[in-house]
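See structure below.
Protein chains get the first letters and strands the later ones, always in sequence-line order, with residue 1 at the start of each.
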Protein chains: 2
Amino acid sequence: MVSLHPIMAKSADLDPRHILNKSGYKATKGRTCILEVLINEKGPITVAEISKKLGRNKVDEVTLYRALEALVSSGILRKVDLQRGNARYYEFVETHHHHFVCSDCGAIESFSDKLCEKIVKNALKNSNIFKKADTHSLEIFGICSKCAKQNR
Amino acid sequence: MVSLHPIMAKSADLDPRHILNKSGYKATKGRTCILEVLINEKGPITVAEISKKLGRNKVDEVTLYRALEALVSSGILRKVDLQRGNARYYEFVETHHHHFVCSDCGAIESFSDKLCEKIVKNALKNSNIFKKADTHSLEIFGICSKCAKQNR
DNA sequence: ACCATAAACGCAAGTTAGTTGCAATAAATT
DNA sequence: AATTTATTGCAACTAACTTGCGTTTATGGT
């Protein structure tokens with residue numbers, strides 16, 4: 001075990017191997033690289049894009065799907081639907097946030113708003129069958145100014 | 001043209017044929033039945049479920065997909081992702097609302113909250129690239145009390 | 001009521017997205 | 001270093017969705 005010089009060390013919660021082990025997974029070459037791609041990406045990305053970014057570390061598609069599913073079930077990744085064809089997107093969950101998506105070019109802008117918690121609280125209060133919320137997703141769709149200009 | 005007795009008449013905005021024509025579509029037997037299923041359903045439903053509910057009015061899957069896509073593009077239907085496997089859900093858009101979904105059994109409870117508009121407004125104000133929002137989707141995920149009881 | 005026309009349809013075939021079972025491999029634990 | 005158990009890759013498969021094209025059908029004009 002080589003210890004890194006302080007300035008080189010990643011904070012533990014951004015180190016793929018550490019994250020994997022902490023959640024009871026083996027830090028295999030495959031999963032480490034997959035998680036690394038998602039940590040660096042810092043935004044939603046499709047399975048096909050992940051595969052491409054893996055480059056020479058590419059894994060079998062089955063392995064990729066299984067890894068993603070596992071990481072989602074542990075809350076390390078999040079699966080989001082950006083209404084772009086049939087693609088599902090995955091993103092590393094660092095802080096909870098939402099997306100503003102361009103329906104035309106797919107540009108994504110992230111945002112967060114504490115009012116969301118209030119809405120969830122309201123929904124719980126008014127619900128007959130739910131007593132607790134685990135998570136939520138909010139996406140706003142529109143046309144970005146670049147596309148708006150082009151389409152005119 | 002037979003005019004219906006007042007008590008039999010559907011309000012125009014719930015009559016599939018009227019809705020179709022108003023948006024420039026032909027009120028074919030297929031599309032009329034498809035839209036009828038969705039109007040009666042009053043909640044998100046999968047393509048497979050729609051097909052089953054069509055019964056003897058079943059249409060080819062291609063026809064179904066093309067009809068759904070057209071109706072979504074006109075804002076008559078809405079496509080939602082309830083994070084249940086790979087199924088996409090469609091629902092008739094009567095009033096804007098959101099979903100509280102049980103991650104276990106898939107039970108759906110609809111709700112709406114005016115705070116959402118506020119969030120959209122905030123997001124627009126803070127955005128660098130969006131000047132206008134068309135629509136948004138909000139889903140809350142949790143375990144319903146029935147499933148919570150069973151799993152214990 | 002008939003005709004023209006454009007939308008909508010169904011079929012066949014194809015693509016993309018995601019899954020299952022299983023034997024081989026590689027982390028982690030002892 | 002040996003053992004254990006998660007993870008991997010392969011082959012084959014299912015599910016979800018799409019494209020092209022010739023035929024049918026609703027609708028608006030005569």
For residues 23-30 of chain B, run the donor-acceptor check on the side chains, cut-off 3.5 Å, and write out each pair with its distance to 0.1 Å, sequence neighbours left out.
from: Tyr25(B); atom 1: OH; to: Ala70(B); atom 2: O; distance (Å): 2.9
from: Tyr25(B); atom 1: OH; to: Ser74(B); atom 2: OG; distance (Å): 2.3
from: Thr28(B); atom 1: OG1; to: Arg31(B); atom 2: N; distance (Å): 3.2

In numerical order, the residues of residues 69-78 of chain B whose heavy atoms come under 4.0 Å of DNA chain D are none

Specify the closest pair of heavy atoms between Ser112(A) and His98(A), including all atoms of both residues, with the distance to one decimal. CA-CD2, 4.4 Å

Selection residues 78-89 of chain A - residue pairs positive for side-chain hydrogen bond (donor to acceptor under 3.5 Å, both in side chains), sequence neighbours left out: Arg78(A)-Glu91(A), Asp81(A)-Arg88(B), Arg88(A)-Asp81(B)

Residue pairs, two or more places apart or on separate chains, that pass salt bridge (charged side-chain N to carboxylate O under 4.0 Å, His left out) and touch residues 101-114 of chain A: none

Minimum heavy-atom distance Ile39(B)-Leu14(B), with the two atoms named: CD1-O, 3.4 Å

Side-chain donor/acceptor pairs under 3.5 Å, residues 44-54 of chain B, sequence neighbours excluded:
from: Thr46(B); atom 1: OG1; to: Glu49(B); atom 2: N; distance (Å): 3.1
from: Thr46(B); atom 1: OG1; to: Glu49(B); atom 2: OE1; distance (Å): 3.4
from: Glu49(B); atom 1: OE1; to: Thr46(B); atom 2: N; distance (Å): 2.9
from: Lys53(B); atom 1: NZ; to: Glu41(B); atom 2: OE1; distance (Å): 3.1

Round to a whole Å and report the spacing from OH of Tyr65(B) to P of dT15(C). 18 Å

Interatomic distance, Leu64(B) CG vs dC9(C) P [rounded to whole Å]: 10 Å

Residues, nucleotides or ligands: over 12 heavy atoms within 6.0 Å of Gln150(B) CD: yes

Just how far, in rounded Å, is P of dA17(C) from CG of Asp60(A)? 16 Å

Can you tell if the side chain of Ile119(B) reaches within under 4.5 Å of the side chain of Cys116(A), non-hydrogen atoms only? yes

Can you give the first and last nucleotides of DNA chain D, 5' to 3', that have an atom under 4.0 Å from a heavy atom of chain B? dA16(D) to dT27(D)

Report whether Val72(A) and Ile34(A) are members of the same hydrophobic cluster (ILVMFWY, side-chain heavy atoms less than 4.5 Å apart, transitive linking). yes

Taking only heavy atoms on the protein side, list every residue of residues 79-93 of chain A lying under 4.0 Å from any atom of DNA chain C, sorted numerically. Arg88(A)

Please give, in whole Å, the distance from dG10(C) C1' to Asn57(B) CG? 16 Å

Sequence neighbours left out, what passes ring-ring contact (aromatic ring centres under 6.0 Å, His included) with Tyr90(A)? Give chain and number order. none

Can you hop from Ile143(A) to Val120(B) via hydrophobic side chains spaced under 4.5 Å? no

Can you check the Glu61(B) CD to dA13(C) C1' distance for me, whole Å? 12 Å

Which salt bridge (charged side-chain N to carboxylate O under 4.0 Å, His left out) pairs, counting each pair once, include a residue from residues 117-127 of chain A, with sequence neighbours left out? none

Base contacts versus sugar-phosphate-only contacts with protein, heavy atoms under 4.0 Å: please encode nucleotides 21-28 of chain C as B, S and - from 5' to 3'. BB---BBS

Beyond-backbone contact of Leu35(B) with Phe92(B), side-chain heavy atoms, under 4.5 angstrom: yes

Over the length of the helix from dA1(C)-dT30(D) to dT30(C)-dA1(D), how much do the five-pair end axes diverge, rounded to 10 degrees? 50°

Quick one: list whatever passes side chain to side chain contact (heavy atoms under 4.5 Å, CB included) with Ala123(B), sequence neighbours left out. Phe100(A), Phe111(A), Ile140(A)

Test item: Leu138(A) and His136(B) side chains (from C-beta on) under 4.5 Å apart, heavy atoms: yes

